[in-house]
Q: 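Got a structure for you, written out below as structure tokens; questions coming shortly.
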Amino acid sequence: MAQEKVFPMTREGKDKLEQELEYLKTVKRKEVVERIKIARSFGDLSENSEYDSAKEEQAFVEGRITTLENMIRNAKIIEGEADTSSVSLGRTVTFTELPDGDEETYTIVGSAEADPFEGKISNDSPIAKSLLGKKVGDEVTVQTPGGEMLVKIVNIS
């Protein structure tokens, strides 16, 4: 039997997924069923766009529920270790781009909870892969889709 993929995540990330799952199961699923029931009452289903739309949404919701259940079941919680001497999963790292000195701060999380707009990047991202295991003061070359970028790590928390 194939081994299930493990999803590394913080406790906060797992809680967020559990809340989304609960919402989909208790609220969204019922809303979609109601939309299907209303669309069915319009008669002929072969040319009923409301019915088709509701069925597509139902398929999306059920697929997302299955995905979330799998991610939660196979979650590996990243423990907040006291060691901040090197960049690791769950750590927040601040670095400056060289030579211009633009400073950026990211928290490295598992792919399941990555959200670049909130400053959370996946451990599978090019930036995170380059920074993992490095220490404050290290200069690191990061491969990005736009080319190479040289950064200096200034803080790990």
Q: Can you tell me if Ser53 uses its side chain to pair, donor with acceptor, with the backbone of Ser49 under 3.5 Å?
A: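 No; zero donor-acceptor contacts below 3.5 Å.
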Q: Any ion pair linking Glu62 and Arg29 (charged N to carboxylate O, less than 4.0 Å)?
A: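 Yes, this pair counts.
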Q: Below 4.5 Å, heavy atoms only, C-beta onward: do Thr96 and Asp102 meet side chain to side chain?
A: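 No - every pair of side-chain heavy atoms lies 4.5 Å or more apart.
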Q: Using side-chain heavy atoms (C-beta onward) and a distance below 4.5 Å, is Leu150 in contact with Glu97?
A: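 Counting from C-beta outward, Leu150 and Glu97 never come under 4.5 Å.
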Q: Check whether the side chains of Glu113 and Thr10 place a donor and an acceptor atom closer than 3.5 Å, and report yes or no.
A: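 Yes, a side-chain donor-acceptor pair sits under 3.5 Å.
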Q: Distance-only, no hydrogens or angles: does the Asp115 side chain make a donor-acceptor pair with backbone N or O of Phe117 under 3.5 Å?
A: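 Yes; judged by distance alone, with no hydrogens or angles, the pair exists.
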Q: What distance separates Ile65 CD1 from Leu24 CG, expressed to the nearest 0.5 Å?
A: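 Those atoms lie 5.0 Å apart.
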Q: Check whether the side chains of Lys16 and Gln19 place a donor and an acceptor atom closer than 3.5 Å, and report yes or no.
A: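 No, because no side-chain N or O of Lys16 sits under 3.5 Å from a partner of the opposite role on Gln19.
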Q: Taking the side chain as every heavy atom from C-beta outward, state whether Ile121 and Ile108 have any pair of such atoms under 4.5 Å apart.
A: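 Yes, side chains in contact.
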Q: Phe95 versus Val140: any side-chain heavy-atom pair under 4.5 Å?
A: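 The answer is no, as the side chains (C-beta and beyond) never meet within the 4.5 Å cut-off.
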Q: Evaluate the side-chain proximity of Ile153 to Val93: yes if any heavy-atom separation is below 4.5 Å, no if none is.
A: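 Side-chain contact under 4.5 Å: yes.
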Q: Distance from Ile78 atom CD1 to Arg11 atom CZ, nearest 0.5 Å?
A: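 Going from CD1 on Ile78 over to CZ on Arg11, the span is 11.5 Å.
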Q: Within the side chain of Asn70, is there an N or O that forms a donor-acceptor pair under 3.5 Å with the backbone of Thr67?
A: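 No, Asn70 side chain to Thr67 backbone: no donor-acceptor pair under 3.5 Å.
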Q: Minimum heavy-atom separation for Ala128 and Ser122, please, with both atom names.
A: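 Heavy atoms only, the tightest pair is CB-O, 3.2 Å.
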Q: Between the side chains of Asn48 and Asp52, is a donor N or O closer than 3.5 angstrom to an acceptor N or O?
A: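 Checked: Asn48/Asp52 side chains show no N/O donor-acceptor pair below 3.5 Å.
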Q: Quickly, which of Glu57, Glu69, Glu20 forms a salt bridge (charged side-chain N to carboxylate O under 4.0 Å, His left out) with Arg64? Name it, please.
A: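 Only one option passes, and that is Glu20.
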Q: Scan side-chain atoms only and decide if Thr107 and Thr92 contain a donor-acceptor pair under the 3.5 Å cut-off.
A: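 Side chains of Thr107 and Thr92: pair found under 3.5 Å.
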Q: Less than 4.5 Å apart, side chain to side chain, heavy atoms only: is that true for Ile38 and Arg35?
A: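 The answer is no; the side chains never approach within 4.5 Å.
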Q: Do NZ/NE/NH1/NH2 and the carboxylate oxygens of Glu34 and Lys28 come within less than 4.0 Å?
A: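 No, this pair does not count.
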